[in-house]
Every structure is written in C-alpha cells, then in structure tokens.
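Shown next, in structure tokens, is the structure this report addresses.
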Amino acid sequence: MSKRQIRFTGVGGQGIISAGDILCDAAIKTGMHSVKIGTYNSQVRGGPTAIDVLCDEKTIYFPYAIDGEIEFMCSVADASYQIYKKGVMTNGIIVIDPNLVYPSADDRKSWRILEIPIVEIAKNEIGNIATQSSIALGVAVHITKCFDEKILLESILEKVPKKSKEANRRAFFLGIEYAKKLVESK
Amino acid sequence: MRKLKASGNELVALGALDAGCEVFAGYPITPSSEVMHKISVSFPAHGRKFIQMEDEIAAISVALGSSMSGKISMTNTSGPGMSLKAEQIGYGHMAEIPLVIVNVMRGGPSTGLPTRTQQSDILQARAPTNGDVRTIVLVPGTTEECYTETIRAFNLAEKFMQPVILLLDETLGHAARDIELPDLSEIQATLIKRRVNNKSDYQPYGVNDDEPAILNPFFTGQPYHITGLTHDHTGFPTEHPILSQKLIDRQFKKIDAHLGEIEKFKKCHLDDADYLIICYGSVYLAARDAIEKLREENQNVGIFRPITLWPSPEKRMSELAKKFDPQNILVIEMNKGQYLREVERSMRNRPQFLSKVNGRAISPLEIIEKLREMHHV
C-alpha cells in the first residue's frame, strides 16, 4: 500500500481538527504509520482550518499532504474549501456539505464531488451539532476504505465526552449509511 | 520501548516530566501552548509544581528562582516571549543558573505569524541577551527528538550551569504521529545531577577556569551572594579588571573546553553522496523525503543536520567543505539565512541556498526542484 493522504477542512470550532486526530489514532491502531497536522489561523473561532492525515506502511517524514496527491477531502465550510481544494488529486473525492460549500461547475469536472448535508444531519437527525465530525468520519471510512470501521468507532468513543458517546455512535453509522446511499446512486 | 502517539510539544512536556523537572513556570503563547497545557495536568499529578504567571518575564523569573533553590526548572514560550525574557536569560548566564527554555518558533519578527511555521529565532537563540554569552541551543529534527533533546537540554543545563534553549518549529511542535521512546528507566540512568559542595571553604564561583559554578541550593547551608553584576569567586560584585576578565573568560571556556560533550549532529546517506543538503529542524523531514525520492532515480544526495545548533559544529562543516564543491551544497532554512552565514563561515565558501519565510513549510518537491535547477539532476 502506498501513502494515503486525507484532508478535512472547515472553520475553527467545528471539530475538524478532532476528526483528523481521531482518524490518525485509528490508523495507528490498525498498525500503520500515521501523522496528522492541523493548519489554522490566529482567529480563535471562525477562521479556515484544515487537517491533513497521512497513513503509510513505511516511515513518514514530511507531515503535510502533498498538493495534488490528496485522494479524499471532506469540507464543511466554503472559506476553507476554496483555499484547500487545490490539494486534491484530479478525480479525487471531495465530500461537501451542500448547504455550506459552493463548488463551481469547473470544480465538478475536476473532482468527484459528493454532497452530504452533514451539519443538518447532526442537528436534525442526531440532535447534537457537535456530532458532525463523527458523521464525517463515517463518510470517510466508507468512501476511502482506508480504515477498519470498528477500530475507527473505538477511537471516536475514546475521544468524545461520556455523555455524547451514544449520539456519536449513531452519528458515525448514519455517516456510513449516507455515504453508502450516495455511492450506490452514482 | 514505549509506543505512543504524540506531537513534538506533547513530547517536550513528557521529556520534562521524565527528566525530573520539578518546577514549570510559563505563560501561554501559540504555537507552544500545548507544552504548558500538558504540564498543567502532568506536573501536579506527580507532585511537581506548575504555575501560570502573569507574563513571560515573571515566568522565567519564577523558573530561575526555583532553580536557585536547587529545583530542576523550565519555562516555555515562542519568539515574542523570548524577546521579553531577554533580560532574565542574561541573568541566568551571568549568575550561572541552570534552566531549560523552550521556544516553539513561529513567523516573526514581532508577533508575526502566530500559527505558522518558521525558523525565525536562530540568531536570537545564539545571542538572546545583552553581553557576551556562549549559548547552548538544541534543535530537534524529528518528533522523537523533541523528547530526547528535552532530556539532553536538562542534562546540559545542570552540567554547564546555564540556560539551555530548545528550539522547535511550529511544524514539529504540532505534527503528531506514532513514535517509539526509550524506556523511562533507560532515560533515568542518563540524568545528570547538579554538583554541590558542602566543604567549609565553599565559594560558588571559586572553580577552575574551565568549570561551571557550583551553586548549592539556597536555604540549605552556607549563605552566599548571587547577582547579575560582574562578581568574584564569592559571588559579590567586583569591578576588578583581572577578575572581571576572568569571569567572562571562564563562562566561555566552560563551554569551549567541552565542545565534544555538547556537539550533536546526524548524517544521512552521506557516504556515497554527490550532493549535500545542510538543514535542521522540521526542514529535515522534507529534505529526507526529497532525497529518498531522488535515490530512486539514482541521484545520491546526503544530509548533514546539526542538532546542537550553537555552538555550531564548525569543524564538521569545514571537513565537509573539503568533500563537496560549494556548487553541490544546498543550505535550506525557513528564514532569510540565519544559519547560512555560519555555514559559510565554517566552510569558507558560498553554498547554494533555499529559503522560505511565509509561514508555510518547504515541501520535498520544492527541494527537488531546487536541486534540479542547480544541477539538472
């Protein structure tokens, strides 16, 4: 297996950095080498953020994803989508929240853009907006096939607060369901 | 072996705990805050002292005071905080107080780019205060080294009785990955204890001309004087021309006579290399990826990277200058050439240079492109 490069983007406070952190945990538990590094600006909340997660069987040195080599990106904010989309490889997959991210017609030609209203699902179906990272991780695990579902869920449950474990478990599986439906329909 | 996932900042915090650091005083600043965040939990849990002070100056003052009382001490900051600590760093050098100062570098000057990566404080670390000081500056180049160099920083501080600066850059501070660390017992066996002198004729600065002062912990025995003023063997101020000269000479000689114990560097693929990269800190990670890729194309590029940046390994660099043509040497830094001048001085030639100061990391591809541009490799 060669190096896998995954990116999550959003704005500060959405839990994007945590999602990447959890993905990195799961990759290591699976027995791979993995590194994650977040990029953010000096705004406390609301600034564009991204987190790159790399996994490989070989030692990883440079910790950032290489522009043009990212196979999967998930984005829940337009500001960061516009900045970070260029890192995704041609025909790579970008999962966006269509209520928050607005790709151009050209973007849709360059990448396979899948629309899942992640924030709405977290709010309306789970009733907890903080579970959006777990939905995104569910989507990521189904689409990339890069991680073991069970191990990823374990990693999520280790990181989230005790009182929202159940909500995050449901959110994770809901993310997988939505991804499945979307992939089947395409 | 201990297997864990951690960032460089988290490993500095763990290193401090494992080195037996007893007092941490700091003031939070991006991108170094995770060091303090971790220690705020781990130190109280292990019966050690953690205190958040009102600013960076107060923080280093507490750390110095604790160290004078015999406690292994540390403070932590980023570039702007180093500027504030400048006066007290000088006090640490003059009075010979061991202390580990961590600087997780961001973009500068001034408040610069708080969340971005840069190697902006290389020259500041060499001369962080007024007066003549011989600083010891360690720069880890891998995540693991953020731990091992923290341990070494404490050992060097206690051995040479002066502040030691540990420089990380934001990339190393924040990137988290799976790592392996030596067992704690292995680390504990390497720890250096501070010298004490309980003889009746004890004089804190009455030591040989290549030795560090012996500061018995305050309040434990014979009283003595300590000051930032030029002082004699007793610690009391003096303006005597011979004693004034001797003091600073000794503070230099205690380092210069023991360079072998302080020097540290790593060579990578140098034996068969046609081209040489000199870099340090997280730039090494990009350079390593670049040279592994070039090796697949049978282009042999090696890396020399200092881990002790100051005092610089000038002899090693001058040896390398005999092996490589300056046209085949590339220095890479995330600053405008703060170490380049030292490389030029040591090698007595003008190597090639790749630099970036926009807060973004230099990528492996940029390094490969630069090498191709230099030599059509």
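Chain identifiers are assigned alphabetically (A, B, ...) following the order of the sequence lines, protein sequences preceding nucleic acid strands; residue numbering begins at 1 within each chain. These values consider heavy atoms only, across backbone and side chains, with no hydrogens, waters or symmetry-generated copies.
- Across all their heavy atoms, A/Cys24 and B/Ala176 have their closest contact at SG-O, 4.2 Å.
- Of the two parts of A/Leu54, neither the backbone nor the side chain holds a non-hydrogen atom closer than 4.5 Å to a non-hydrogen atom of chain B.
- Heavy-atom distances place no part of B/Ile367 under 4.5 Å from chain A, backbone and side chain included.
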Enumerate, by atom name, each donor-acceptor pair separated by under 3.5 Å where one atom lies in chain B and the other in chain A.
residue  : atom : partner : partner atom : Å
B/Lys5   : NZ   : A/Asp21 : O            : 3.4
B/Lys5   : NZ   : A/Asp21 : OD1          : 2.3
B/Lys5   : NZ   : A/Asp25 : OD1          : 2.6
B/Thr115 : OG1  : A/Tyr40 : O            : 2.6
B/Thr171 : OG1  : A/Tyr64 : OH           : 2.8
B/Ala176 : N    : A/Lys36 : O            : 3.0
B/Ala176 : O    : A/Lys36 : N            : 2.9
B/Arg177 : NH1  : A/Ile60 : O            : 2.5
B/Arg177 : NH2  : A/Tyr61 : O            : 2.8
B/Asp178 : N    : A/Ser34 : O            : 3.4
B/Asp178 : OD1  : A/Ser34 : N            : 2.9
B/Asp178 : OD2  : A/His33 : ND1          : 2.6
B/Arg288 : NH1  : A/Tyr61 : OH           : 3.3
B/Arg288 : NH2  : A/Tyr61 : OH           : 3.2
B/Asp289 : OD2  : A/Phe62 : N            : 3.2

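- For B/Phe353, there are no ring-ring contact (aromatic ring centres under 6.0 Å, His included) partners at least two apart in sequence or on another chain.
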